[in-house]
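Values reported hereafter were calculated over all heavy atoms of this structure, with side chains retained and with hydrogens, waters and symmetry mates removed. In this text, all values refer to a predicted model and were calculated from it rather than measured experimentally.
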Amino acid sequence: MATMQQQQQPSSGFSVYVGNLPYSTQSDDLGQLMSSVGQVTNVRLVYDRQTNRPKGFAFCEFADQSGAQNAVNNLNGTDFNGRVLRVNWANK
DNA sequence: CTTGAGCGG
């Protein structure tokens, strides 16, 4: 693997960006999917403040960096509820 | 009863 951005976030949790999600996706659905590749500490679905509609992406916190990396390697580019899942390390 | 690039109510 080439050099990639590994952000170690304190206060428990390695943030991973999850995008290209269906608007019908709930945090629980993502939580179960992420739990299948690693220990998930938190799952945050991003909603729009103006219309209260899901923006279509979310952020997942893993208890271990390997779990987050495993999620990126296993869920990124895969199909989820009819949409191609987009998983990557979070920037902020 | 709506939408589809991207990084947080």
Output the rounded distance in Å from [atom1] ([X]) to [atom2] ([N]).
X: Arg44(A); N: dC7(B); atom1: CZ; atom2: C1'; result: 11 Å
X: Leu30(A); N: dC7(B); atom1: CG; atom2: C1'; result: 15 Å
X: Tyr23(A); N: dG9(B); atom1: OH; atom2: P; result: 17 Å
X: Leu45(A); N: dG9(B); atom1: CG; atom2: P; result: 13 Å
X: Asn76(A); N: dC7(B); atom1: CG; atom2: P; result: 15 Å
X: Leu21(A); N: dG4(B); atom1: CG; atom2: C1'; result: 11 Å
X: Lys92(A); N: dG8(B); atom1: NZ; atom2: P; result: 4 Å

In numerical order, the residues of residues 47-54 of chain A whose heavy atoms come under 4.0 Å of DNA chain B are Tyr47(A), Arg49(A), Arg53(A)
Practice prompt. Output the residues of residues 78-88 of chain A in contact with DNA chain B, where contact means a heavy atom of the residue under 4.0 Å from an atom of the strand; sort by number or write none.
Written response: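 Within this stretch, Arg83(A), Arg86(A) sit under 4.0 Å of the strand.
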Check your understanding: Are the aromatic rings of Phe59(A) and Tyr17(A) close, with centres under 6.0 Å apart?
Key ->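 Ring centroids of Phe59(A) and Tyr17(A) are less than 6.0 Å from each other.
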Quick one: does any side-chain atom of [X] pair with a main-chain N or O of [Y] as donor and acceptor, under 3.5 Å?
X: Asn20(A); Y: Arg86(A); answer: no
X: Gln39(A); Y: Ser35(A); answer: no
X: Asp29(A); Y: Thr25(A); answer: no
X: Asn74(A); Y: Asn70(A); answer: yes

dist Leu30(A):CG -> Leu75(A):CG (nearest 0.5 Å) comes out at 9.0 Å
Separation between OH (Tyr23(A)) and CG (Asp48(A)), nearest 0.5 Å, reads 10.0 Å
For Arg49(A) and Asn52(A), which heavy atoms make the closest approach, and how far apart are they?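 Residues Arg49(A) and Asn52(A), closest heavy atoms: NH2-OD1, 3.9 Å.
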Note: Trp89(A) and Ala68(A) closest approach over all heavy atoms is CH2-CB, 3.6 Å
Review point. Any donor-acceptor pair under 3.5 Å between the side chain of Tyr17(A) and the base of dA5(B)?
Key: no
Q) If you pin Ser27(A) and Pro22(A) to their nearest nucleotides in DNA chain B, which one's is more 5'? A)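 It is Pro22(A), whose closest nucleotide lies nearer the 5' terminus.
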